[in-house]
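Here is the structure we will look at.
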Amino acid sequence: MSCILGSPLSEAGGVTITGVDLSSPLPPSRQEQIREAFRAHHVLVFPEQVMSREQQFAFIANFGEIERHGARNAQTKRYTAAHVISNLDKDGNPVDRSSSPVSNYRWHTDKSYYPVPPMLTALYAVELPPQGGDTEFANTATGYAALPEATRGRIEGLRVVFYWGAGARKGGGSELSPTELRDHPPVDHPLVRTHPETGRKALYLGNHASHILGMPEAEGRALLDDLLEHTTKPQFVYTHRWRIGDLVMWDNRCLLHRAVANYEIGRYRRVLHRNVVRGTVPF
Ligand SMILES: [Fe+2]
């Protein structure tokens with residue numbers, strides 16, 4: 001039996017896949033079916049999955065090399081398991097960090113400040129607030145395609161400087177420390193990147209994008225702000241409303257995403273298991 005694809009979840013992307021148990025090894029034909037759906041819909045939602053962190057890791061490893069999470073993180077010892085992300089402090093109490101300028105509540109793509117950013121990210125919902133705690137995805141390929149031709153011509157060939165903490169700087173936060181700069185030196189990627197599998201062009205920008213290479217910083221930031229505003233309009237966005245047991249994987253090469261602070265973050269627990277798969281150098 002093959003997987004069952006639902007109707008597209010939005011104009012911007014997303015599809016639900018049922019009839020598959022991700023906790024068991026999948027035959028190559030199913031893996032290929034999932035890859036095909038991923039290329040077509042960019043966000044895959046597998047509801048009602050029951051899986052351990054190790055089983056999640058094994059499933060996601062079908063799509064490429066899974067990146068190690070946090071060199072200084074104690075979880076590194078369990079490298080063959082998904083890592084845990086949550087709104088909990090070290091004592092297990094919910095804490096609201098949503099106002100941090102480097103928080104994942106701002107539009108971003110994961111690790112875009114790396115020379116080789118990841119192709120996909122997967123999250124599995126373990127604990128959720130009674131409502132809210134959504135994740136939004138903005139399709140930067142359809143956003144790019146909808147730009148006026150003159151704008152597409154103007155931005156062709158431009159490169160964006162990314163670094164960890166760029167969002168903090170733009171938000172009036174402090175400059176990065178020498179240690180932070182050493183750990184995360186700035187990188188530059190094309191503003192218009194080509195999806196290596198579909199060939200479609202997409203904007204590459206977001207919270208870790210600082211400015212445009214070779215352009216006055218203020219001018220470059222204004223351009224990035226305008227493009228971000230454009231590609232995150234409602235017609236380019238899919239909002240995922242989580243249910244316990246959802247495994248969601250998305251394509252970082254043509255999507256921005258952000259967590260939505262639409263619940264009492266300091267009151268309710270929200271725990272998900274995460275994997276990130278290594279990508280290729282954007283071109
Ligand atoms: Fe993220």
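Small disclaimer: the values here were computed from a predicted structure and weren't measured. Throughout, numbering of the chain's residues begins at 1 and tracks the sequence. Both ligands and their constituent atoms are indexed starting at 1 by order of listing.
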Would you call the rings of H240 and Y238 parallel, tilted or perpendicular, taking 30° and 60° as the class edges? tilted
Salt-bridged, R35 to E32, with N to O below 4.0 Å? yes
Membership question, hydrophobic clusters at under 4.5 Å side-chain separation (ILVMFWY): are Y124 and F59 in the same one? yes
Checked the Fe ion (ligand 1): protein N, O or S atoms closer than 2.8 Å come out as H108 NE2, D110 OD1, H257 NE2
Answer yes or no for R193 and Y204: cation-pi contact, defined as NZ/CZ to six-membered ring centre under 6.0 Å and angle to ring axis within 45°. yes
Using a strict cut-off of less than 4.0 Å between a Lys/Arg side-chain nitrogen and an Asp/Glu carboxylate oxygen, indicate whether R221 and E217 qualify as a salt bridge. yes
Between V160 and P190, is any pair of side-chain heavy atoms under 4.5 Å apart? no
